[in-house]
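In this text, all values refer to a predicted model and were calculated from it rather than measured experimentally.
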Amino acid sequence: MAFTKQNLISLIQAAVKNQASDIHIRTDEVPCLRIRGDLVPIQTKPFSYEDVKFIAELVLNKSDLIKILPSIKEYDGGFAIPKLCRIRFNFFRYDNKIGLIFRIINEKIPKLSDLGLPKVVSKICEQRRGLILVTGATGSGKSTTLAGMIDQINETRCDHIITVEDPVEYLHNQKKSRITHREVGRDTEDFSAALRGALRQDPDVILIGEMRDPETIQIALKAAETGHVVFSTVHTTDSVTTIGRLISMFPPEEQLEVRKRITENLHATISQRLLKGNTANGVVIAMEIMITSPGVRECILGKEDLSRIYQVIASGRGKGGNGSQTFDQHIGHLFENKVISKATALENVSSQANFIQSLTFE
């Protein structure tokens, strides 16, 4: 029996019901759901080339693209199933076959409190100017964290929020703020054009889907310098690699000036990982949070080694601190509160010996 649109909807419904983050669809294979970090095969027959091609034609949903499907090597897009979820997808070719990866985006905008994030994240949302970066590997929940942060601003401030994404993921309803969602390819040519335009659209808050190139970084810094707050993501693991990545995108003769601009405008980096937890959905977010302080600025400028930032971050936790925390400090907190197991804690800290010394394990 031929694959149908209802078959696809049923597959996505099963993924949502099982709290999957992604669906893997590949030629001559059974589809898999990513649940709690693991790929779990669905109990069904393998999808044929024609099945996958039919799904691709369904989600592309543009006659001009469907006509040239044989020549498309890869394609990013998105679609929505009303009252269920939104999907961000990537179509790709491999070994003379075709596949699709669906990322499931809940229609409900998450609250920061529901995500179980440190309270300082909510405090960071109150910032009125500067650059705020959420970093982490693909699938670490960066978009979800950003959605929660934008929702808090939407609920508490009468601002104009402009988002530039490829594609748009979470759709925010207007609450106190006015929100302008712009999608690359649909509403604007590229990130750079959208950001140049955003500066003329009276924004208070700008969300950039990803820091991809020097021009995007330059415009983001300019927006921060002119009194806006800019949120974005970087595919880096922590604060030090994030700062290093931003600087390294520029030629050597420009890097000193870039260091100064980052020092003056970077308010915070929020780096995150997903850990296996003892919670209902089995996933917990661990965070390294760096609030830019005088010590951090010295490191960015090169007056101190960049790696000393880790020590500066560690000193920011606790009473009298600025809210900064290392991954190890947060993992320790999660373990002490029985959110993660001892095994998970030991697997994810940077130094098991130091971690064991700092905690009393049962």
Side-chain angles (χ1 to χ4, degrees), residues 14-24 32-41 85 102-125 134-149 151-152 169-170 233 235-239 268-290 310 313-314 317-318 323-362:
V16 172
K17 181 179 178 181
N18 286 280
Q19 297 182 322
S21 62
D22 302 84
I23 306 173
H24 289 229
C32 288
L33 306 182
R34 186 171 292 281
I35 302 174
R36 301 182 184 181
D38 296 327
L39 282 177
V40 181
C85 68
F102 288 173
R103 167 61 53 85
I104 299 170
I105 303 164
N106 200 315
E107 282 197 327
K108 182 181 177 182
I109 305 296
K111 302 290 183 188
L112 291 179
S113 56
D114 294 337
L115 293 173
L117 306 183
K119 291 182 180 178
V120 69
V121 176
S122 181
K123 183 72 174 175
I124 291 171
C125 295
V134 178
T135 85
T138 300
S140 61
K142 298 185 296 295
S143 297
T144 302
T145 295
L146 276 177
M149 297 176 80
D151 183 66
Q152 177 172 310
E169 297 196 20
Y170 287 93
T233 69
H235 289 291
T236 47
T237 54
D238 59 21
S239 57
T269 64
I270 301 169
S271 305
Q272 57 186 64
R273 307 172 190 163
L274 292 186
L275 309 183
K276 291 185 178 180
N278 303 326
T279 56
N281 65 3
V283 177
V284 175
I285 298 175
M287 285 185 161
E288 177 206 81
I289 298 173
M290 183 197 78
Y310 297 125
I313 292 172
R317 185 175 174 86
S324 295
Q325 63 179 27
T326 64
F327 273 119
D328 283 9
Q329 286 173 329
H330 193 206
I331 290 170
H333 171 79
L334 293 172
F335 172 72
E336 289 175 332
N337 286 274
K338 302 185 185 333
V339 180
I340 61 174
S341 68
K342 174 181 176 179
T344 297
L346 288 171
E347 285 171 6
N348 289 280
V349 292
S350 58
S351 170
Q352 292 188 355
N354 290 344
F355 190 70
I356 290 171
Q357 286 179 1
S358 66
L359 296 172
T360 302
F361 289 100
E362 295 182 1

Can you name the closest pair of heavy atoms from Val16 and Cys85 and give their distance?
CG2-SG, 4.0 Å

Is the backbone of Cys32 close enough, under 3.5 Å, to the side chain of His24 for a donor and an acceptor to pair up by distance?
no

Would you check if Leu33 and Ile23 make a side-chain contact, meaning some heavy-atom pair closer than 4.5 Å?
yes

Which of Ser140, Ser271, Ser239 passes side-chain hydrogen bond (donor to acceptor under 3.5 Å, both in side chains) with Thr135? Answer is Ser271

Could you tell me if the side chain of Ile285 sits less than 4.5 Å from the side chain of Leu274, heavy atoms only?
yes

Point-to-point distance, once rounded to the nearest 0.5 Å, from CD of Gln19 to CD1 of Ile35:
9.0 Å

Who passes side-chain hydrogen bond (donor to acceptor under 3.5 Å, both in side chains) against Thr144, sequence neighbours left out?
Tyr170

Is a side-chain N or O of Asp328 found less than 3.5 angstrom from the main chain of Phe355, in a donor-acceptor match?
no

Of the non-hydrogen atoms in Ile331 and Asn348, which two are nearest, and what is the gap between them?
CD1-O, 3.6 Å

Partner residues of Arg317 under the salt bridge (charged side-chain N to carboxylate O under 4.0 Å, His left out) criterion, sequence neighbours left out:
none

Within the 4.5 Å heavy-atom criterion, are Leu117 and Thr145 side-chain neighbours or not?
yes

For Ala147 and Ile109, the nearest pair of non-hydrogen atoms, with its separation, is O-CG2, 3.8 Å

Smallest heavy-atom separation, Ala137 atom then Lys142 atom, equals O-NZ, 3.0 Å

Please examine the side chains of Ile289 and Pro118, heavy atoms only from C-beta on, and report whether any two atoms are closer than 4.5 Å.
yes

Can you name the residues that form a salt bridge (charged side-chain N to carboxylate O under 4.0 Å, His left out) with Lys111, not counting sequence neighbours?
Asp151, Glu155

Looking at OG of Ser341 and CG of Leu275, how far apart are the two atoms once the value is rounded to the nearest 0.5 Å?
9.5 Å

The reported gap from CD in Glu288 to OG1 in Thr237 (rounded to nearest 0.5 angstrom) is 8.0 Å

What's the spacing between Asn106 CG and Ser21 OG if we round to 0.5 Å?
12.5 Å

Distance in Å, Phe335 CZ paired with Leu346 CG, rounded so as to fall on 0.5 Å steps
8.0 Å

Side chains of Val284 and Thr344: does their closest heavy-atom pair fall under 4.5 Å?
no

Leu112 versus Cys125: any side-chain heavy-atom pair under 4.5 Å?
yes

Do Ile270 and Met149 have side chains that get closer than 4.5 Å, going by heavy atoms?
yes

Taking the side chain as C-beta and beyond, is there a heavy-atom pair between Val120 and Gln325 under 4.5 Å?
no

Quick check: closest heavy atoms across Ile104 and Ala20, and the distance to 0.1 Å?
CD1-O, 3.5 Å

Write down the atom of Tyr310, the atom of Thr326, and the distance for their closest heavy-atom approach.
O-CG2, 3.8 Å

dist His330:NE2 -> Gln272:CD (nearest 0.5 Å) comes out at 10.5 Å

